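See below for the structure under consideration.
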Amino acid sequence: MEASAIIFYCIAAFILGAGILAVTTRKIFRSAIWLLFSLVGIAALYFWLQVEFIAAVQIIVYVGGIVVLIIFSIFLTQQSGKEMAKPSGKHVLFSLLAVLFGLALIYNLISEYGFAEQASRPFQVAVGEIGMQMLSTTQHGFILPFEAVSMLLLAAMVGCIVIAMKNKSGNLEAAEPPAGKLMIHSDFTSSTTEKEA
Amino acid sequence: MFSLEGITGTVQNWLLNTFNPQVALLIECAIVILLAISLFAVLGLVLVLMERKVAAHIQIRLGPNRVGPGGMFQTVADTVKLIMKEGLTPDLADKFLFNLAPFVVMIVAMLLLAPIAFAKNFQIWDINIGVLYVSAVSSLSVIGILMAGWASNNKYSLLGAMRSGAQIVSYELSAGLAILSIVVLTGSLQISDIIASQQDGWWLFKGHIPVIIAFVIFLIAVTAETNRAPFDLAEAESELTAGFHTEYSGMKFALFFLAEYINIFIVCAIGATLFLGGWMPLHIGNWEGFNHVMDYIPSSVWFFGKTFFLIFLIMWFRWTFPRLRVDQLLNLEWKYLLPISLFNLLLVTLIAILGWHF
Amino acid sequence: MFLKEYIKDVVGGVTSLLKGMRKTGYYFFHPKEIITEQYPDNRATLKLAERFRGEVVMAHDANNEHACTGCTACELACPNGTIKIITKFDMTPEGKKKKAIDTFIYHLELCTMCNLCVEACPTGAISMAQNFEHSVYDRNKLTKKLNKPGSKVREGVE
Amino acid sequence: MNSVPLAHILFVSTALFCIGMYGLFTRRNIITMLMSIELMLNSVNINFVAFNKYLWPEKLDGIFFTLFIITIAAAEAAVAIAIIINLYRSHNSIDVEDATELKY
Amino acid sequence: MYTQTDVIKDTTADGPEGELVINMGPQHPATHGVLHLVITLDGETIKKIEPHLGYIHRSIEKMTESLTYRQFTYVTSRMDYLSAHINNLACAMTVEKAMQIEVPERAKVIRVLMNELTRIASHELWIGAMAMDLGAFTPFFYAFRERELITDIMEETCGARLTMNYMVPGGVMYDIHPSFQQKVKEFVTQFKHKVTEYEDLVTNNVIFQSRTKGVGFLSKEDAISYGCSGPVARASGVSCDIRKLYPYEVYDKVQFDEVLDTAGDSFARYMVRVREMNQSIRIIEQLIDSIPEGEFQAKTKAVLKPPKGEFYTRVETARGELGVYLVSEGGTTPYRIKYRSPGFSNLSALDHMARGSKIGDLMATMGTLDLVIPDIDR
């Protein structure tokens with residue numbers, strides 16, 4: 001067995017192990033950390049597959065963005081150190097059965113299919129090429145999905161702000177202070193405006 | 001003679017001649033890890049001493065001057081003290097994560113060392129997405145801080161971790177945009193390409209005012225990203241005692257402390273590479289004679305000189321300015337740095353397209 | 001105008017920060033301004049003010065004589081009970097009994113150097129000394145006996 | 001580098017997908033359910049990259065799909081977390097079973 | 001103020017609805033001593049502050065009941081240790097008022113000079129500590145450099161640097177040191193020269209201004225109703241300088257302005273103190289060359305026995321109004337002494353000032369209150 005194969009199996013074991021722990025641990029913060037490890041393992045897998053760009057994007061978006069977001073939401077919604085309720089035995093059993101059957105089915109399909117291996121062709125991912133193709137308007141260009149995704153991101157951003165704002169309008173105390181100035185309470189704001197006037 | 005160029009080649013040749021390739025690779029890995037760890041130790045010692053000396057001289061004091069000549073071994077003594085101290089773990093802490101957090105921070109700092117070019121032909125891993133790798137991996141360090149803050153089961157730690165999370169995530173944007181402006185000018189993410197593009201002058205001088213603005217924004221953003229004053233809200237000692245590492249002591253605290261300095265070194269090294277030409281000596285256009293004289297100074301000296309200059313700047317900030325408040329910190333990013341750097345990136349792109357740079 | 005205000009904000013802020021950095025930078029590059037005193041090393045050149053109150057001492061002259069008559073004015077003046085005077089009766093050559101001090105006990109650990117005892121002393125027997133390095137390993141050493149063994153009150157001091 | 005057959009990589013991604021599915025079935029906490037969904041999305045990404053590399057190395061389509069999925073996952077997570085926090089504010093719980101009535 | 005159950009209740013339990021209760025102190029870098037604040041937070045926003053006092057209560061008021069009139073002045077140095085001279089002066093003046101001792105003119109001038117030097121020293125320390133609370137470490141050392149000159153002057157004339165015990169009933173303990181006038185003039189020159197450094201580093205710094213402006217607002221009415229005094233009240237527009245309103249010693253003969261501001265925020269309090277230092281310099285400059293010749297201490301009896309009655313004096317310390325209320329039964333020791341300390345009243349306004357602001361603002365607010373904990377607890 002070659003060294004690269006050994007590395008692959010190590011990475012695979014790490015990803016799956018961390019993934020299993022992420023869905024089974026009953027401490028929510030640990031679950032997020034295991035998810036993080038699983039995602040980092042997937043980034044390592046991308047490095048192994050020599051798609052460094054995807055690996056870097058994976059780390060930036062998933063680790064730097066999504067997991068931090070998840071951890072923040074845990075900070076905001078969870079009481080420290082409380083364990084989650086244990087799922088009922090019946091629940092676990094049937095979930096496990098469904099998952100195992102699904103796994104068996106797909107594994108069967110994969111092993112039966114016999115992919116046409118096209119070895120020995122170089123696989124190069126030049127960052128410049130990704131950029132070129134992303135913005136090209138020719139037949140194999142990706143400008144349309146790129147724009148669509150940009151619109152989606154914009155919509156998501158607006159949506160997040162709207163969702164977060166809705167609750168705040170009625171609740172003045174929780175509102176963020178207006179930019180640059182600090183709101184203390186009513187008599188303060190009134191007197192500062194007097195002073196400015 | 002002081003240049004590191006050639007040493008690596010000799011070592012590799014010798015290894016390849018002596019052992020078979022697999023073993024040689026393993027040995028090289030071991031050597032690199034060993035070198036990285038010793039570099040960490042040396043950098044930690046030097047930077048801590050430097051910080052204390054800079055602080056002292058700014059504050060009209062002498063600083064450490066008892067242990068060794070000029071206090072040179074003060075950090076060694078401190079390290080020994082920290083090692084001897086008992087590493088306490090709070091009773092209700094999540095012990096696994098509590099003990100893991102300092103190592104996460106440390107390993108991230110270690111991974112960041114990989115793509116940095118210390119001298120001509122002296123680089124551990126010249127990855128083709130160099131600067132993207134750096135900004136990706138550096139975003140991992142926030143996880144360690146969040147972990148420490150949560151696992152300590154201390155409210156000060158939790159507040160510090162939340163502040164630090166918000167801070168690092170938002171300042172990454174303007175740091176990324178500042179880095180992007182150089183990437184736009186160079187047309188490559190690879191560190192060696194970026195350095196090679198500064199053959200006839202550093203980007204700071206070649207790129208007119210927009211690059212200078214990008215440089216300033218980069219400095220501010222990395223100061224914030226490394227949790228240094230005036231952005232040290234995560235450990236603001238007058239507000240949160242010590243922020244996310246309130247509960248840490250002994251060696252685990254030392255790891256956080258060391259990682260902070262290593263991170264400063266790394267971001268300054270990246271800044272020096274992007275804006276000041278890395279190990280590239282000061283070259284000015286076509287002045288052959290001048291360029292030739294500059295080439296006599298070894299490349300490693302150039303690299304470390306530039307890096308330490310930037311580190312000095314960051315220390316200078318720390319000992320001059322008061323700390324910002326948490327909402328002002330986010331205002332600074334979203335109201336000032338981000339719009340300015342977005343506009344600036346547009347200007348840089350214009351310069352790159354029109355070929356206005358030297 | 002919004003943009004003008006914005007730029008003015010940025011420029012004004014940066015200027016104020018640079019001014020501060022110029023000041024600290026000045027001190028960094030002017031080591032002559034350093035005011036640190038290397039304390040244990042400069043003991044020889046250390047100058048203490050002559051009125052500095054470090055501890056209470058009792059002056060003895062060459063004949064091992066002091067001026068304390070044992071009137072306990074200092075003991076009464078002291079707010080902390082720092083001074084304790086034990087008196088005895090000496091026999092004068094004329095055969096009369098005379099009150100004199102046996103032991104002048106001074107508790108340094110209680111003393112706040114307020115100088116009230118020195119002010120109260122009618123004969124100027126005690127005074128404040130400039131010694132300030134009082135740390136010892138045993139607390140008992142802080143309880144001092146101020147009159148030297150075998151000393152007696154100076155002639156003519158009443 | 002092709003020392004590992006494609007089927008093995010696909011098996012890893014399938015297993016990861018199943019792990020995510022198991023998590024989705026058993027968890028009752030919205031945040032952990034979101035995490036499970038992230039795992040499933042990632043397993044899909046692995047498939048795309050692996051197919052691209054092994055079967056059509058001259059093209060980059062798999063890479064692009066992965067990039068888009070990552071982007072969409074980020075948007076999805078952001079919106080989901082905004083909803084979760086809103087839900088927590090109104091219900092003081094992030095358990096799916098507590099959020100049965102269809103109003104915020 | 002607190003019932004027994006209030007004090008012993010669990011101060012670590014979090015409130016409902018995601019409120020966070022943190023204990024700031026008794027050991028905390030920002031409280032400058034053993035002040036204990038129980039802060040209820042909503043995220044980073046302060047909802048309530050409860051100061052818990054008593055960690056450094058040394059029963060100074062009770063102690064003075066067993067000390068003679070000469071002895072009790074020295075204890076008060078330990079109350080507000082940064083303006084020890086002024087505390088001592090208040091006690092000495094009370095005894096003088098009770099016994100109708102006429103203090104020589106020279107002693108009066110020396111007392112005023114010492115008071116103003118103390119005020120500058122106290123404000124110097126405050127400016128450094130305040131900057132340090134806000135995260136700027138360096139101004140602390142610059143401020144201490146100037147303060148060091150004052151403590152040197154104190155050491156030379158009074159014999160101690162912090163708890164001088166120089167004021168005695170009837171005058172001052174010793175005459176001034178021969179080099180006193182020259183040293184004070186040197187200090188004044190250096191202070192005027194170096195004060196621009198604080199402007200560069202602190203006052204004009206954009207971060208400092210944004211940290212303090214509009215933070216910890218206290219209106220004029222609130223300042224009066226909370227009983228604030230000193231720079232805290234004057235920054236809100238309350239004219240309360242005892243030196244102007246009820247002049248004592250030679251304050252009625254010197255020219256100086258009462259520093260007033262109307263903004264009422266932390267920056268106003270900061271500016272009031274900085275301008276007060278300049279006024280103190282002005283007083284010192286007027287007096288330093290015209291110290292009258294004569295006795296430095298009035299002739300008093302060895303044992304002081306004020307007549308039966310109640311006596312009250314007040315002085316302006318660096319932190320505000322210090323009142324000494326003395327009840328005498330005609331004996332050698334006071335029957336009762338009550339100190340009205342400025343820090344206690346100023347602290348009581350903290351909850352009102354900090355509500356709704358961020359934790360970072362609390363540091364600015366507390367810093368400008370200039371709390372000295374032994375002054376609060378006594």
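Lettering follows sequence order; numbering is per chain, from 1. Note that the structure is a prediction, hence the values are computed from the model and not measured.
- With a 4.5 Å cut-off on non-hydrogen atoms, A/Phe72 does not touch chain D at all.
- The minimum heavy-atom distance linking A/Ser95 with D/Thr26 is given by the pair OG-CG2, 3.6 Å.
- At a 4.5 Å heavy-atom cutoff, A/Ala13 makes no contact with chain D through either its backbone or its side chain.
- With contacts defined as side-chain heavy-atom distances shorter than 4.5 Å, the pair D/Leu16/A/Ser38 qualifies.
- Between A/Phe146 and D/Leu67, every side-chain heavy-atom pair lies at or beyond the 4.5 Å cut-off.
- Considering every non-hydrogen atom in both D/Val79 and A/Ala156, the closest pair reads CG2-CB, 3.8 Å.
- Both the backbone and the side chain of A/Leu96 have a heavy atom closer than 4.5 Å to some heavy atom of chain D.
- Using bins of under 30°, 30° to 60° and over 60° for the plane-to-plane angle, the ring pair D/Phe11/A/Tyr107 lands in the perpendicular bin.
- Residue D/Ile83 touches chain A through both its backbone and its side chain, counting heavy-atom pairs closer than 4.5 Å.
- Taking the six-membered ring where the residue is Trp, A/Phe142 and D/Phe68 present tilted rings, their angle falling between 30° and 60°.
- Looking at D/Phe17, there are no atoms closer than 4.5 Å to chain A (heavy atoms on both sides), in backbone or side chain.
- For D/Ile70 against A/Gln58, the heavy-atom pair with the smallest separation is CD1-OE1, 4.0 Å.
- Going from atom CG of A/Leu39 over to atom CG of D/Leu39 covers 6.5 Å, rounded to the nearest 0.5 Å.
- With chain A as partner, the option from D/Val12, D/Thr66, D/Ile46 having the largest number of non-hydrogen pairs under 4.5 angstrom is D/Ile46.
- For the set D/Ile84, D/Asp61, D/Leu24, the count of heavy-atom pairs under 4.5 angstrom toward chain A peaks at D/Asp61.
- The parts of A/Leu16 that come within reach of chain D are both its backbone and its side chain, each placing non-hydrogen atoms under 4.5 angstrom from that chain.
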Derivation and outcome, side chain to side chain contact (heavy atoms under 4.5 Å, CB included), residues D/Tyr22 and A/Ile20: CA-CA 9 Å; D/Tyr22 173 80; A/Ile20 289 171; over 6 Å; no
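- In this structure, the separation between CD1 on D/Ile63 and OH on A/Tyr46 is 9.0 Å, given to the nearest 0.5 Å.
- Between A/Ser31 and D/Arg27, some side-chain heavy-atom pair lies under the 4.5 Å cut-off.
- By the side-chain hydrogen bond (donor to acceptor under 3.5 Å, both in side chains) test, D/Glu38 pairs with no residue at all, sequence neighbours left out.
- Of the inter-residue distances, the one linking A/Leu152 atom CG with D/Glu76 atom CD reads 10.5 Å to the nearest 0.5 angstrom.
- Side-chain atoms of A/Val99 and D/Ile19, non-hydrogen and from C-beta on, never get closer than 4.5 Å to each other.
- The side-chain hydrogen bond (donor to acceptor under 3.5 Å, both in side chains) search around D/Ser13 returns D/Asn47, not counting sequence neighbours.
- Chosen from A/Leu69, A/Val51, A/Leu45, A/Ile15, the residue pairing most often with chain D at heavy-atom distances under 4.5 Å is A/Leu69.
- In this structure, D/Met35 and A/Ile74 approach most closely via the heavy-atom pair CE-CD1, 4.1 Å.
- Using modelled atom types, no side-chain atom of D/His8 and backbone atom of A/Tyr9 make a donor-acceptor pair closer than 3.5 Å.
- Residue contact with chain D, scored on non-hydrogen atoms closer than 4.5 Å, is absent for A/Phe94.
- Residue A/Leu35 touches chain D through its side chain alone, counting heavy-atom pairs closer than 4.5 Å.
- In terms of heavy-atom proximity, A/Gln133 sits nearest to D/Phe64 at CB-CZ, 3.5 Å.
- Within the 4.5 angstrom heavy-atom criterion, only side-chain atoms of A/Val149, from C-beta onward, approach chain D.
- In this structure, the separation between CD1 on A/Ile106 and OG1 on D/Thr14 is 5.5 Å, given to the nearest 0.5 Å.
- Using a 4.5 Å cut-off between heavy atoms, D/Ala73 touches chain A through backbone and side chain atoms alike.
- Within the 4.5 Å cutoff, no side-chain heavy atoms of A/Val61 are placed close to those of D/Thr71.
- The two residues A/Ser73 and D/Ile81 come nearest to each other via the heavy atoms CB-CG2, 3.8 Å.
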